[in-house]
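Each remark here refers to the structure printed beneath this line.
Atoms within a ligand are numbered from 1 in the order they appear, just like the ligands themselves. As the structure is a prediction and not an experimental result, all values here were calculated from the model.
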Amino acid sequence: MEQEITIAIDGPAAAGKSTVARLVAEKLSYIYIDTGAMYRALTLKALQKRIDLDEEKPLADLLMHTEITLEQKGEGQIVLLDGNDVTWEIRSQKVTSHVSYAAKHPAIRKEMVERQRALAARSGVVMDGRDIGTHVLPDAEVKIFLVASVEERAKRRYEENLQKGFYPDMEELKREIEERDRIDSEREAAPLIKAADATEIDTTSLSINEVAQQILNQAATLTNG
Ligand code: DC
């Protein structure tokens with residue numbers, strides 16, 4: 001039987017992590033874990049309860065009373081917040097523009113990392129986020145850091161939005177992506193940074209399939225033989 005490994009995929013906002021991670025997981029029949037969805041689910045609940053995202057303690061208390069479940073469904077992943085399906089709601093513009101504030105608190109990250117490690121306790125996992133290769137799964141056999149120009153990332157988000165029937169402002173999208181990158185990279189607790197042993201892939205002029213294939217090739221060198 002082929003040996004199962006753990007694959008960590010990190011990178012800035014909208015670099016294609018989740019699409020690529022999902023595809024790699026599907027090809028290998030591995031579990032896909034979207035850690036950004038966990039921070040998004042907490043942010044959604046805090047916004048609904050009008051909890052100040054800058055205040056670490058109330059937010060950490062809220063997380064202790066919050067159940068976030070990631071369920072595999074066909075090719076996709078369903079996100080349940082206290083048992084309710086919030087898969088679409090956590091992708092709203094409001095959650096997107098607030099999530100980096102919730103994700104910067106050490107107490108929140110500590111709890112999330114524990115939950116993420118528990119989810120990855122078995123091998124055969126593809127996990128994506130910002131700190132997977134550096135903090136959550138430092139022993140992952142394959143570590144990938146995806147990057148792309150901000151113009152390309154905004155263009156991809158724009159097209160995703162069009163498909164959902166929204167007509168976003170391109171400049172606004174660029175600003176939001178840059179702002180999220182800035183907060184995620186400048187925070188003290190587990191900032192967005194490439195792990196020393198990660199392979200960087202610039203996806204600006206690559207298709208999803210090409211990126212996935214590069215990761216699958218790396219995985220194959222470890223699992224075959
Ligand atoms: O990958 P995403 O856009 O869904 O992530 C949403 C936010 O969550 C991102 O701006 C930063 C935070 N995040 C994080 O701090 N650490 C992770 N492992 C995943 C996401």
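- Residue contacts with ligand 1, taken as heavy atom pairs separated by less than 4.0 Å, involve Arg130 via backbone and side-chain atoms alike.
- Looking only at heavy atoms of the protein, atom 6 (C) of ligand 1 is closest to Arg180 NH1, 3.5 Å.
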TODO: Could you walk me through whether Arg130 and Lys17 pass side chain to side chain contact (heavy atoms under 4.5 Å, CB included), step by step?
DONE: CA-CA 10 Å; Arg130 304 291 188 288; Lys17 298 183 299 293; 3.4 Å; yes
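- Of the N and O atoms on the side chains of Ser92 and Arg40, not one donor lies less than 3.5 Å from an acceptor on the other residue.
- In this model, a donor atom of one side chain and an acceptor atom of the other lie less than 3.5 Å apart for Gln218 and Thr199.
- Side chains of Gln213 and Asn209: a donor-acceptor N/O pair is absent below 3.5 angstrom, by distance only.
- Of the protein's non-hydrogen atoms, the one nearest atom 20 (C) of ligand 1 is Gly36 CA, 3.5 Å.
- Applying the 4.0 Å criterion to heavy atoms of Gly129 picks out, from ligand 1, the atoms 17 (C), 18 (N), 19 (C).
- Residue contacts with ligand 1: Ser100 is placed with a nitrogen or oxygen under 3.5 Å of a nitrogen or oxygen of the ligand (distance criterion only).
- With respect to atom 12 (C) of ligand 1, the closest heavy atom belonging to the protein is Ala103 CB, 3.7 Å.
- With a 4.0 Å cut-off on non-hydrogen atoms, Arg40 touches ligand 1 through its side chain and not its backbone.
- Residue Glu159 qualifies as enclosed at atom CD: its count of foreign heavy atoms under 6.0 Å is above 12.
- Residues Lys104 and Asp54 are paired through a salt bridge, judged by an N-O separation under 4.0 Å between the basic side chain and the carboxylate.
- With a 4.0 Å cut-off on non-hydrogen atoms, Arg109 touches ligand 1 through its side chain and not its backbone.
- How far CD of Glu200 is from CG of Asp10: 11.5 Å, rounded to the nearest 0.5 Å.
- Contact annotation for Lys104 and ligand 1: no heavy atom of the residue comes within less than 4.0 Å of the ligand.
- On a distance-only criterion, Asp34 and ligand 1 share no N/O pair closer than 3.5 Å.
- No part of Glu179 comes within 4.0 Å of ligand 1, judged by heavy-atom distances.
- In terms of protein heavy atoms, atom 19 (C) of ligand 1 is closest to Thr35 OG1, 3.3 Å.
- Arg175 has a carboxylate O that lies under 4.0 Å from a charged side-chain N of Glu172, or vice versa, which qualifies the two as a salt bridge.
- Using a 4.0 Å cut-off to heavy atoms of Asp184, the atoms of ligand 1 that qualify are 9 (C), 10 (O), 11 (C).
- Between the side chains of Asp34 and Ser18, no donor-acceptor pair of N or O atoms lies under 3.5 Å.
- Across Lys143 and Ala195, no two heavy atoms sit closer than the pair CD-CB, 4.1 Å.
- In terms of protein heavy atoms, atom 18 (N) of ligand 1 is closest to Asp131 OD1, 2.8 Å.
- Using a cutoff of 4.0 Å between basic side-chain nitrogens and carboxylate oxygens, Arg153 and Asp181 are scored as salt-bridged.
- Within the 4.0 Å heavy-atom cutoff, Ala13 does not count among the residues contacting ligand 1.
- Taking distance alone, with nitrogen or oxygen atoms compared against 3.5 Å, Lys17 stays at or beyond that limit from ligand 1.
- At least one heavy atom of Arg91 sits less than 4.0 Å from an atom of ligand 1.
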